[in-house]
Amino acid sequence: MTVIRWMSFARNAGLGLCATCTWGTVRKGYRAKEVETFCRLISPNGLVPFPVRDCTDYTDRRVSVAESKADERRYGFVTEIRLQDFVEKDAETKE
């Protein structure tokens, strides 16, 4: 009788979410059980003793984040002079 282990087909399934998290660091040894997992969100040396299935602070490192430029930000306090400049530019573009 043949036993099929489904985890062997899934890539990084035994490591949990930490292998693909921005905050996670996973160190592997030569044997299958030689794995150390650290979470840098908790502390620089926060050892995680088990594979994590769900995490509230999970950030996928495989997804690229489009960074915005400082000039394009639309939040914060604006002076009256700067606000008038924005209103004038909007009026010019609408014409």
Side-chain angles (χ1 to χ4, degrees):
M1 177 177 209
T2 305
V3 177
I4 298 174
R5 295 182 185 178
W6 289 103
M7 284 186 61
S8 65
F9 293 111
R11 185 175 178 211
N12 295 331
L15 300 176
L17 288 178
C18 298
T20 58
C21 182
T22 303
W23 302 106
T25 301
V26 179
R27 297 179 186 157
K28 296 181 188 178
Y30 289 104
R31 297 180 186 161
K33 293 186 179 182
E34 294 178 343
V35 177
E36 288 182 334
T37 306
F38 298 95
C39 183
R40 293 177 296 155
L41 187 66
I42 299 169
S43 70
N45 298 322
L47 183 65
V48 180
F50 51 85
V52 177
R53 184 184 71 173
D54 189 25
C55 181
T56 56
D57 294 321
Y58 175 73
T59 306
D60 196 350
R61 72 170 62 163
R62 298 171 294 181
V63 178
S64 63
V65 178
E67 296 189 22
S68 63
K69 297 179 182 177
D71 296 336
E72 296 177 5
R73 293 183 186 159
R74 302 274 180 177
Y75 56 88
F77 295 102
V78 180
T79 62
E80 288 182 34
I81 297 170
R82 183 113 187 225
L83 183 61
Q84 289 174 355
D85 292 339
F86 286 132
V87 171
E88 290 173 2
K89 287 180 185 178
D90 285 340
E92 291 174 3
T93 57
K94 290 181 181 178
E95 292 176 354

So, for Cys18 and Thr37, which heavy atoms are closest and what is the spacing to 0.1 Å? CB-CG2, 3.4 Å
Main-chain N/O of Thr22 paired to Thr59 side chain as donor or acceptor, under 3.5 Å: no
What is the minimum heavy-atom distance between Thr20 and Tyr58, and which atoms define it? OG1-OH, 2.7 Å
Do Arg27 side-chain atoms and Phe38 backbone N/O form a donor-acceptor pair below 3.5 Å? no
Non-hydrogen atoms of Thr25 and Arg40 that approach each other most closely: OG1-NE, 3.7 Å
Heavy-atom pair of closest approach, residues Arg53 and Leu17: O-CD1, 3.3 Å
In the hydrophobic clustering that connects Ile, Leu, Val, Met, Phe, Trp and Tyr at side-chain heavy-atom distances below 4.5 Å, which members other than Ile42 occupy its cluster, ordered by chain and number? none
